[in-house]
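Proteins come first, then strands; the chains are lettered A, B, ... in the order of their sequence lines, and each starts at number 1. Source: prediction; values computed, not measured.
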Amino acid sequence: MKNREVAQILDEIATLLEIKGENKYKIAAYQEAARRIENLPEDIEKLFKEGKLYQIKGIGESIGQKIKEYLTTGKVTYLEELRKEIPPEILELLKIPGIGPKLAYRLYTELGIKDLESLEKAAKEGKIRLLPRLGPKVEQNILEAIKEYKEKQQVSERIPLGVALPLVEEIVNYLSQYPFVTDIVPAGSIRRRKETIGDIDILITTNDMDKVNQVLKSLPILRNILAAGTTKTSIIVEPGIQVDFRVVDKSSFGSALQYFTGSKAHNIKLREIAIKKGLKINEYGVFRISDNKKLCGEKEEEIYEILGLQFIPPELREDQGEIESAMEGKLPVLIEEKDILGDMHVHTDWSDGANTLEEMVEMAYRLGYKYVVISDHSQALGVAGGLTPEQIEKQRQRINELNRKYRDFKILHSIEANILSDGSIDLPEEVLKNFDLVIAGLHSGFKQPKEKITERLISAIKNPWVDIISHPTGRLINKRPAYEVDFPAILYWAKETGTVLEINAQPDRLDLCDIDARMAREKYGIYLSIGTDSHDIRSYSLIKYGIYVARRAWLRKEDVLNTYPWEEVKLKLKRYKEKR
DNA sequence: GCCGTTTTCGGCCCGACTGTTTTCAGTCG
């Protein structure tokens, strides 16, 4: 699938046009098209072949032609021309906070700066301050920003939600203890539960701004303060993450929360709708344009209400159709954590888990689940103590015994089998057929060519005894990209065979991701299962990350397999269908 | 460059902060 590639090309065009100082609306058009395509829950190539390219909003004649050229020839002449005009190395300058396209272009044309090294050298030699409208302060800020950037390079650019969320909870707990902090709510991409977070936005209501700012200065994990205004304070906390605090008045709390939750695209769309209704939205409230009268602002819900929209859950606020749905009153009722009746992917110390089967089962029971799917590794994964057919048989007997101990709770015997390099499963059919269900996943050979990996996965999907594919794309956030695979083909065969795809809730996996999961359900009608892939009893709590992905994928309770009682799950699994 | 329940042309979200400035452009979110 080339969605991401196309989006990156359009983004690069936009950036190069920005540096050139092109019309800002033209630039915005490229950025908008890039964003649309990156988040598109459909294969752009498929749409192109079906002649539906121009049905995507934001793609008109000019951008459409460039996409067409890329998909047919693999290059975009327009972009290559632009690259000749502006050396791509300049793009590196834009990564430095405080350097935008205008300044980057001036530094390049007036001082010949085209990379970080020459930038740092020029700043140290005091050459930048000699340019008109630039001074020593700019020079100093550039040097500091370069230093900060280099430090940040050590870590990754965007941090996983699984790292950011606990950090935010720590900060919120710390500040909550002060009586003058009356409200403290994380906003931004954290609140939208995006899989990675650029920086953290936290909103505070208080009757004493000075004290809040004072307290922020003594935050234990504080590294340094970037900016401290009367309404905004930006800091860096360990381990190198920016946190923006916004101190707001109670009467504006709802508006501020809405504004800072974003996304940017979502907010722009809302403000456009507001204008058509004679209203203006900003972070302080909703105002009538005619007399500037403030109509609301204290509660977030009021903003959507006054625009004639259903309340839109933060996870959906990406301008991916949620506003149109809300307008028609057709937003989905999103799945919630309480809807999950059982964890669909759990390991024990029979393979590489840290806790015993008994401990894992007992914890699942105590969490209030109705069932748990025990899915240890199979024999081919030697490093993980994968189970042989004999061990599997023993484990089944133990599970049968345990099942007699519990009422209103079922232990399901499964396996996370390996898809071997030829696409076969590392257990014979007579073993596979005895499980309650079988999960299969790729654990090796990620570097095989795209055709080969696609073949392997499809072969596993076609296996009548494989019910669920675990972590279907194999990506590890910030560590390993998804393996090369013909994803639409995977979806097609999953649909054809009734195979379920997993949303793996491990915070570094979140695989399928939100966009893929939405595509699987919305365009192909495939069921998703959510499993924590737990290897110890504490990891059951990670289910919430799977729920976040599902919600961002627009999934309702009924779209997710493990919201159904086991007897109903059976009706949806292909192994039981084929026996009927 | 895209788009249209007032538009096929004339619009295109909103505000804070910073640095260098006597009024504002650039950057950021």
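Within the structure, every pair that satisfies the salt bridge (Lys or Arg N to Asp or Glu O under 4.0 Å) test and touches residues 299-314 of chain A, not counting sequence neighbours, is listed here: A:Arg191-A:Glu300, A:Glu300-A:Arg317. The salt bridge (Lys or Arg N to Asp or Glu O under 4.0 Å) pairs that include a residue from residues 3-16 of chain A are A:Arg4-A:Glu38, A:Glu12-A:Arg83, where partners are two or more places apart or lie in different chains. Within the structure, ring pair (Phe, Tyr, Trp, His ring centres under 6.0 Å) contacts touching residues 180-204 of chain A (residues at least two apart or in different chains) are A:Tyr178-A:Phe180. The ring pair (Phe, Tyr, Trp, His ring centres under 6.0 Å) pairs that include a residue from residues 77-102 of chain A number zero, where partners must be two or more places apart or lie in different chains.
Distance A:Glu272 CD to B:dC2 P: 16 Å, rounded to the nearest Å. Protein atom CD1 of A:Ile142 is 13 Å distant from nucleotide atom C1' of B:dT18, rounded to whole Å. We find that NZ of A:Lys276 is positioned 10 Å from C1' of B:dC12, with the value rounded to whole Å. Distance, A:Lys24 NZ to B:dG1 P: 17 Å, rounded to whole Å.
In summary, of the residues considered (A:Ile113, A:Leu103, A:Ile90), a side chain to side chain contact (heavy atoms under 4.5 Å, CB included) with A:Tyr108 occurs for A:Ile90 alone.
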Check: Just by protein heavy atoms under 4.0 Å, how would nucleotides 19-29 of chain B read 5' to 3' in B, S and -?
Finding: BS-----SSSB
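The side-chain hydrogen bond (donor to acceptor under 3.5 Å, both in side chains) check on A:Lys2 picks up nothing, with sequence neighbours excluded.
Across all strands shown, A:Lys57 has heavy atoms under 4.0 Å from sugar-phosphate atoms exclusively, and none from any base. When heavy atoms are screened at a 4.0 angstrom cut-off, A:Ile281 is found touching the sugar-phosphate backbone but no base atom. Residue-level contact check: A:Glu61 touches the backbone only, with heavy atoms under 4.0 Å from sugar-phosphate atoms and none from bases. Within 4.0 Å of A:Ile63, counting heavy atoms only, lie sugar-phosphate atoms of the nucleic acid but no base atom. Residue contacts for A:Arg36: at a heavy-atom cut-off of 4.0 Å it reaches no nucleic acid atom on any strand shown.
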